[in-house]
Amino acid sequence: MSRKSLYSLFAALVVLAMVLSGCGGTPEATVAPTAEVPAVEEPAEARPLWTPELKQAFAAAIDREVIVDRVFEGRNTPAYHMVPAGYPYATEPFLDKYGTRDLEMAKALLTDAGYTEANPFVVDLWYPPEHYGTTTADVMQVIKEQLEETGLMQVNLQSQNWAEYVNAFVEGEAYPVFMLGWFPDFVDPDTWLTPFSSCIQSPDNGVNYCDEKMDELLLKAAASSDPAVREATYAEIGVYYAEQVPTLPLFFEPEFITYRDGVEGVTIGAPFEFNYNVLSFGAGASPASGNTDTIIIGTTDEVNSLDPQDAYATHDWEILKNTGLTLLQYTPGTADLVLGAAAAFPEVSDDGKTFTFTLRDDLRFADGTPVTSADYVRMWDRFANEGQVSGLIQIYVESVEAPDDLTVVYHLKDSFGFFDALTATAPFVPAHPDTFPTDSIVAFPDKIDGTGPYRMVSLTSGQQMVLAANPEYSGEPAIIPNVIIRYFADPTTMSNAVEKGEIDVAWRTLGPVEATRLQDVAGLNVVKIDAPTLRYLVFNMNYMVGGE
Amino acid sequence: MVTTPGGGKDTLVQIRDLSVTYHTRLGPLSAVSGVSFDIRRGEILGLVGESGCGKSTLGRALMRMVAPPAEISQGQLLFDGEDIMAYDGEKMRDFRGRRVSMIFQDPLTSLNPVQRVDEHVVEAIQVHEPQTTIRVALNRARTLIQTLGIRANRLRDYPHQLSGGMRQRVMAGLGLVLNADLIVADEATTSLDVIVEAKLLDEFKRLRDEFNLTILLITHNIALVAQIADRIAVMYAGQMAEVGDVVTVFDDPCHPYTEGLLRSVPNVKLNEREVLYKMGGEPPNLTHPPMGCRFHPRCPMAMPICSAEEPALLPVVGDVEHLVHCWLHQPQTRGAEAQA
Amino acid sequence: MSASFRNFVVARVLLTVPMVLILVTMVFFVMRVLPGDPIRSQLGPKVSEAQAEAIRERLGLNRPLTVQYFDFLWRMVTLDFGNALTQGERPIRDELSELLPATIELTLPAMTLTAVVGVLSGAYAAQRRKRPADYAIRVFSIVVYAIPVFFLGLMFQIIFSVRLGLFPLAGRMDALLLRDFRPVTNFYVVDAIVQGNWPALKSLLLHLVMPSVTLGLILMGPFIRLTRVNMIEALQADYITAGRARGLPERRLTYRHALRNTFIPILTLIGLQFALLLAGAVLTETTFSWPGMGRYLVKRIELRDYNAVQSVIAVFALAVGAISVMVDVLYAFVDPRVRY
């Protein structure tokens with residue numbers, strides 16, 4: 001290319017840049033506010049597409065058992081409620097109302113809504129083809145077939161890659177009905193219901209559903225600390241949910257964990273926590289490290305952030321909960337809430353808005369620094385750094401006080417009966433002041449001197465993390481003193497590694513294909529975990545029809 | 001059937017009944033057919049003929065360097081009394097360069113463009129005499145190059161940095177560096193201009209005189225042969241037409257082809273009104289050579305027997321050194337006697 | 001070094017600048033034109049729109065494009081690169097200082113293997129033309145070219161690591177050794193040698209074998225074929241025949257003479273394949289869990305992380321540019337006929 005043309009090309013590019021910037025070509029300019037829905041000039045006949053009857057037709061027409069069998073060879077668990085079966089106060093309202101399937105009911109509902117064979121209900125059903133795995137397309141295909149079996153529906157499958165997909169449904173206009181996945185933040189039905197059906201939170205998930213009665217019920221269930229009240233209210237919510245169908249739960253995807261013979265103590269319950277400190281090597285074990293004092297665990301996850309007041313990913317929370325002690329915690333393998341950093345269960349005020357915790361007096365960071373209530377106030381202050389998880393806590397907590405060294409008082413924005421469960425999550429792990437300053441987030445610390453059974457000794461990005469037993473831990477010392485987390489880029493490689501014996505345990509995300517293969521390999525144990533990983537359909541209440 | 005004076009200590013190369021066949025898709029092509037002659041020690045033998053007569057092939061055959069699809073289909077090659085057809089690969093490799101060496105027509109492409117002059121020479125030495133140290137080899141190279149009239153500072157040059165004449169001298173040097181007995185110069189001066197060519201030929205003569213070299217000068221340029229050769233061999237269509245002392249043959253050519261050749265040479269003192277002599281006809285297709293004597297279709301003196309039977313290469317009456325392949329000079333002919 | 005050569009080198013180096021600039025500019029705009037937003041892509045729907053907007057504002061994504069563009073250019077010049085937009089917002093320079101050496105440690109042996117084995121096999125195939133070895137090598141070159149990288153990598157893993165237990169499966173170093181290893185330059189091999197940590201070095205080299213052989217094999221096909229074709233041509237050159245006439249052994253003629261003359265196209269190919277090397281590294285790094293730049297780049301593109309992608313592409317472009325300049329400079333040393 002001659003020099004002259006090179007200059008011209010460059011000049012053209014610079015001009016192009018200026019023009020683009022002049023147009024203010026940044027994403028936000030194209031986000032339309034969700035409130036003003038129809039186009040400006042259209043006559044005001046536009047109305048939401050979705051009525052409860054139409055949504056019920058969907059709910060009645062699909063057959064989860066068939067989906068699970070055809071696409072997943074029966075591995076997955078049909079979901080008859082948004083709330084997983086192992087959770088407190090869980091019910092199965094969709095099963096109660098629709099059975100496993102009620103095609104006749106679906107047809108009746110559609111006919112009543114005025115649809116016929118000649119004039120079916122036409123709708124676009126959206127999904128992201130890669131983000132939830134390649135089986136998603138198959139699932140959607142089966143759903144389409146099941147819906148069209150009514151003879152009164154015509155379903156057009158549409159897909160878009162994840163980045164655009166998220167943008168689209170958050171903007172809230174483009175998709176009438178679409179698939180999403182959910183993973184809970186804490187162990188309580190509220191986190192499975194409020195985000196989708198409360199007026200405040202449902203837009204965040206593209207549902208845009210708002211109903212007075214639902215809000216009332218949700219608030220009532222959330223506010224009470226009385227198990228009996230909560231149980232009854234959640235049952236009522238369940239029934240109402242199955243009627244209103246803000247979202248339609250489909251199935252839960254299991255996870256698989258594989259470990260070599262001789263590894264013991266692998267137990268993962270409903271809270272989906274993997275506790276390293278109860279692992280041990282039994283008879284017949286041949287540790288990958290060559291020594292029973294070190295266990296090697298493989299994962300394909302990546303470290304996103306190890307700052308307790310920022311981290312919001314499953315793997316990060318797992319590390320934080322193994323290196324830190326939350327106020328309350330779960331007995332490994334169960335959903336039983338027991339004491340952690342707290343010396344006793346909290347005192348709840350009458351109005352349910354104040355939770356007072358008394359700390360243990362022997363809490364120390366791994367370097368010996370004592371942990372006091374001031375650390376908990378500091379923890380609250382750190383949420384002001386706008387870490388990814390701060391929103392989760394700030395929705396519920398108003399302020400934090402420390403009247404004395406061992407007392408922490410949480411003032412909540414409203415009465416939240418599940419606050420106990422919230423204090424068992426990773427954001428409630430105190431952060432060492434030297435490693436994690438109050439005014440900034442440190443996502444990749446060199447080490448973590450926490451309050452948990454382990455401390456993080458080193459992190460070699462993309463390769464491995466080393467944990468060692470924390471001598472200052474206030475509870476039972478970990479059985480195996482050293483843990484090495486080995487990071488893999490590819491589940492197949494990880495499965496080869498556990499087969500060969502280079503790692504002792506292969507955890508997330510092994511995937512059903514590899515898990516099935518490894519089941520037949522001698523010397524390995526493959527366990528299916530009922531993970532609270534839900535796939536569901538969202539009905540976008542902001543999707544308008546009519547007008548024009 | 002061949003009868004030639006042969007053997008004796010002054011005969012370096014004896015070629016008997018040599019045939020080289022090319023296996024083409026149109027059939028076998030006899031590029032060299034039943035050729036026999038001697039090369040004597042210390043002589044310059046000029047091998048001449050038209051393009052395609054097989055002289056280059058013959059030169060290569062001497063070194064057993066005919067490449068597939070050609071092969072030496074029959075014949076005997078005796079070098080200094082030894083049968084080199086019986087040599088195996090390794091012996092032959094050693095033989096080449098050390099006892100016989102070749103100088104090629106185009107010195108630019110015959111020298112490795114990424115190798116310097118001294119590297120060429122040193123390599124040749126070390127391959128054949130592995131115990132020679134680099135210093136000794138370099139000295140030999142330097143001396144040799146200087147002997148050939150090239151300054152020592154050109155040793156580190158690449159081939160493309162030398163002139164045509166110098167390159168050819170380097171080639172000559174490569175031929176001499178191992179003290180070969182026979183040098184085959186295949187059109188060695190064809191690409192050079194006359195003045196450089198003359199210088200080079202003087203060089204050859206000097207080398208022959210000084211080192212008792214034997215030179216087989218393959219060329220289509222008869223004048224060259226007249227200038228420096230001792231004997232001349234004329235080839236036609238893969239066969240030897242006439243062999244003999246250069247003065248004798250030039251003064252008194254026996255084979256009609258030789259006669260025609262000599263007459264074809266443009267005379268420097270060409271008179272304005274004189275027309276260039278051209279020999280009629282074309283060389284034959286060697287896949288289907290003519291019956292009998294291969295020259296007979298073009299021969300002004302062809303006789304009936306010429307198209308029926310092949311003559312033999314026999315001495316002319318009265319001169320045992322002068323051989324000719326022609327019915328005119330052999331018994332069993334019913335034609336007119338050859339000119340004496 | 002002559003003045004004209006110096007000028008040439010300087011001009012070539014300067015030419016790299018606009019090349020990198022254009023590439024980075026293109027990436028800059030393409031990334032922003034691509035639908036999908038870095039914040040949403042990574043955080044998903046869990047984060048509220050208000051929060052996402054706040055993050056965008058903080059990261060400077062709402063500034064006019066020209067401002068962002070020139071800010072990035074300036075950062076690049078000072079090698080600042082900024083922070084990754086998402087997932088921890090790690091300074092990109094820190095990431096690259098770990099990832100780049102890892103990728104280089106993988107690709108350097110791979111490229112060496114490709115060039116050396118590829119060229120030598122091609123030369124051998126040319127020398128043994130039309131014989132079984134030639135056909136075998138040609139088939140091999142096609143097979144190796146057609147096999148997908150990850151398949152080959154997985155096969156090696158399963159056969160040599162899982163079944164035979166000869167090599168470790170994945171990663172750069174054994175877990176326990178890595179725990180105590182203190183890298184300085186992040187070129188683990190260099191660090192291990194400097195620190196005298198021999199067990200670590202051994203582990204490193206063992207871990208390096210399968211990934212670099214996988215990557216090396218995949219790229220070998222074109223080298224073998226190109227070398228073979230060029231060698232066949234080179235072997236027919238006059239200087240090869242001349243060399244043979246000097247008694248040089250076949251092996252020497254092939255590897256010392258002909259091969260050296262085919263270096264120019266091979267050098268060009270090395271320069272071109274280098275870009276493919278980086279692409280192949282992505283899949284190799286994934287299969288062997290090698291913590292390199294390729295893997296990082298793919299992940300960041302998925303996350304629409306503008307900063308990271310721009311930075312990595314800039315580094316890639318610089319690397320390719322540098323290799324390209326080196327190749328051009330090397331021509332002068334490989335072929336003495338090239339003048340500047």
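Residue numbering restarts at 1 for every chain, and letters A, B, ... go by the order of the sequence lines. All heavy atoms count here, side chains included; hydrogens, waters and symmetry mates do not.
In terms of non-hydrogen atom pairs under 4.5 Å with chain A, the most contact-rich of C:A170, C:A175, C:G171 is C:A175. When each of C:I158, C:L99, C:V162 is checked for heavy-atom pairs under 4.5 Å with chain A, C:V162 comes out on top. The greatest number of non-hydrogen atom pairs below 4.5 Å with chain C, out of A:V466, A:D490, A:N496, is found for A:N496.
The structure places OG of A:S495 at 8.5 Å from CD of C:Q157, a figure rounded to the nearest 0.5 Å. Atom CD in A:E499 sits 5.5 Å away from atom CZ in C:R163 (nearest 0.5 Å).
A:Y487 and C:S289 get closest at one heavy-atom pair: O-CB, 4.0 Å. Closest approach of A:S461 to C:P291, counting heavy atoms only: O-CB, 4.2 Å. Of all the heavy atoms in C:T286 and A:A489, the pair that sits closest is O-CB, 3.3 Å. The two residues C:Y188 and A:Q463 make their nearest non-hydrogen contact at OH-NE2, 3.0 Å. For C:S161 against A:E502, the heavy-atom pair with the smallest separation is OG-OE2, 4.2 Å.
Looking at A:I484 and C:L176, their side chains come closer than 4.5 Å, going by heavy atoms from C-beta outward. C:R179 has its side chain within reach of A:T294: a pair of non-hydrogen atoms, C-beta onward, lies under 4.5 Å apart. In this structure, the side chains of C:L169 and A:I503 stay at 4.5 Å or more apart for every pair of heavy atoms.
The part of A:N161 that comes within reach of chain C is its side chain, from C-beta onward, which places non-hydrogen atoms under 4.5 angstrom from that chain. Proximity to chain C (any heavy atom under 4.5 Å) is restricted, for A:N482, to the side chain, taken from C-beta onward. Neither the backbone nor the side chain of C:P183 comes within less than 4.5 Å of any heavy atom in chain A. A:S289 touches chain C through backbone and side chain together, each having a heavy atom under 4.5 Å away. Only the backbone of C:D174 comes within contact range of chain A, with at least one heavy atom under 4.5 Å from a heavy atom of that chain. At a 4.5 Å heavy-atom cutoff, the contact between C:M173 and chain A is made by backbone atoms alone.
Under a cut-off of 6.0 angstrom, the local environment of NZ in A:K447 is sparse, with at most 12 non-hydrogen atoms contributed by other residues, nucleotides or ligands. Crowding of A:I200 atom CD1: a count of heavy atoms from other residues, nucleotides or ligands under 6.0 Å not exceeding 12. Under a cut-off of 6.0 angstrom, the local environment of CD in A:E386 is sparse, with at most 12 non-hydrogen atoms contributed by other residues, nucleotides or ligands.
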